[in-house]
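Quick notes on the structure that follows.
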Protein chains: 2
Amino acid sequence: MRQHDRKAETRARLLAAAADLFAEHGIAGASVDAIATRADRTVGALYGHFGSKEELLFAVVDEWLGDAATVVAAELELADDAEQRLASLWRAVSQPSSERWLALEHEVWSHARRNPQAMERLRRRYVETWEGIAMLPLQWPEFASAGTNAPAIVGVLFGMAMMHQVSPGSITDEMAVRTLHHLVSSPDTEGATP
Amino acid sequence: MRQHDRKAETRARLLAAAADLFAEHGIAGASVDAIATRADRTVGALYGHFGSKEELLFAVVDEWLGDAATVVAAELELADDAEQRLASLWRAVSQPSSERWLALEHEVWSHARRNPQAMERLRRRYVETWEGIAMLPLQWPEFASAGTNAPAIVGVLFGMAMMHQVSPGSITDEMAVRTLHHLVSSPDTEGATP
DNA sequence: GTCTATACAGGGATAGAC
DNA sequence: GTCTATCCCTGTATAGAC
């Protein structure tokens, strides 16, 4: 039992340290030694748990994905109206505490671009995210066209978050919410739907 | 004269090789040795021209920026109508040949995040791009609100290009153009402008 | 201006002890 | 399960020759 606790704690510490250092120094720039040291462990423990630096990276990303989904779902439930729900999506990527995760996502993206296996994992993860967004209209009417536009919604969130980061004043909340609103609400009202 | 040609060619070869390898293997993953070798030169020549790996990176990005602006401007001139002009913007980031530059931009972004000097250069570059976009309405009426929305336009282009890359079928041209159209044409027609 | 050779540092991963 | 010690490779940058 004590053993189990110690093992679990080591794993958790390593994951937290890796998330920090990958985001801060990049995947290549964060040494396994530095990660282990920050977790108050050594490389031996790290390799015992994850086997390689890349598997550690995957574990970090998987854990993050679960946490992020939970947080966003809770925020959506808490919101009172359509605009607030869109605003909470925007806040999820634009708030200061998200910078770290945006940095990590950037790293993962670069990494995946030259690693087919990692790219496949990344692709699957995004498809799952899109599918999650496609479920939103079942609960909230304002997300009517979230299904078909899901990839664009994610892309817009990511891209605007990037601009927000180079220059926080450049993207106003109102601008972001308005752009999202256009994507989630049915755009075909003026179009060719019979 | 011969000397001058040789020097200029060396510089050009090094820049091209660096652009290739930075995009392909990342900034950290591309060694100065590999870059020099691909340019049919040696590290000596590289350091003679650029002094450091980072200065080489800046030179690569600066050259790219000039080229890209020229190409996009030409495409805009060639287009016949509003929709084609928006489509040409989308094509500029979504066409297969742009993948390389998107990869490089990703690398630069990650690099800048942990290098204040590089971040400042990146920021300036984006502000300049936004200013360039803000000039568009002077020539084309459909870009009426491009000024205020310039950062969002760039962000949306970047973000959708990313999604397009994980899964090319996920973002249709029509979807991209419609989203851009919403951003460039005045959004206040239905709003509170008296 | 460009090459060759080298100084100097750091990283990922493994072996063997406890 | 975790630590210490070590192997082996690769990288940036510089010095000195031509």
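Values below: every heavy atom of this structure, side chains too, minus hydrogens, waters and symmetry copies. Order of the sequence lines fixes the chain letters, A, B, ..., with proteins taken first and strands second; residue numbering starts at 1 for each chain.
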Rounded to whole Å, how long is the line connecting atom [atom1] of [X] with atom [atom2] of [N]?
X	N	atom1	atom2	value
B:E55	D:dA13	CD	C1'	15 Å
A:Y47	C:dG11	OH	P	12 Å
A:L57	C:dG11	CG	P	18 Å
A:I27	C:dG11	CD1	C1'	15 Å
A:F50	C:dA13	CZ	P	14 Å
A:H25	C:dG10	NE2	C1'	14 Å

| Charged N to carboxylate O below 4.0 Å: is that the case for B:R121 and B:E128? | no
Do B:W64 and B:F22 have ring centroids that are under 6.0 Å from one another? no
Between A:W101 and A:H106, is the gap from one ring center to the other below 6.0 Å?
no
Just the atom pairs and distances: protein N or O near nucleotides 8-11 of chain D's N or O, under 3.5 Å.
none

Worksheet item: Does NZ or CZ of A:R85 lie under 6.0 Å from the centre of the six-membered ring of A:F143, at an angle within 45° of the ring axis?
Response: no
Is the distance from OP1 or OP2 of D:dT12 to the nearest side-chain N or O of B:S52 less than 4.0 Å? no
Can you check whether B:T10 has a side-chain N or O nearer than 4.0 Å to OP1 or OP2 of C:dG1?
-> no
Against the side chain of B:K7, the closest entry in C:dT2, C:dG1, D:dG1 is C:dG1
Exercise. Decide yes or no for B:V93 and B:E105: does some side-chain heavy atom of the first lie under 4.5 Å from some side-chain heavy atom of the second?
Key: no
For the residue pair B:R124 and A:V166, establish whether any side-chain heavy-atom pair is separated by less than 4.5 Å.
no
Table of protein N/O atoms under 3.5 Å from nucleotides 3-7 of chain C N/O atoms:
| from | atom 1 | to | atom 2 | distance (Å) |
| --- | --- | --- | --- | --- |
| C:dC3 | OP2 | B:T42 | N | 2.9 |
| C:dC3 | OP2 | B:T42 | OG1 | 2.6 |
| C:dC3 | O5' | B:T42 | OG1 | 3.3 |

The residue among A:L15, A:V32, A:L57 that forms side chain to side chain contact (heavy atoms under 4.5 Å, CB included) with A:F50 is A:L15
Tested for salt bridge (charged side-chain N to carboxylate O under 4.0 Å, His left out) against B:E9, the lone hit among B:R11, B:R13, B:K7, B:R6 is B:R13
>> For the backbone of A:I27 and the side chain of A:K53, can you confirm whether one donor and one acceptor N or O come within less than 3.5 Å of each other?
In response: yes
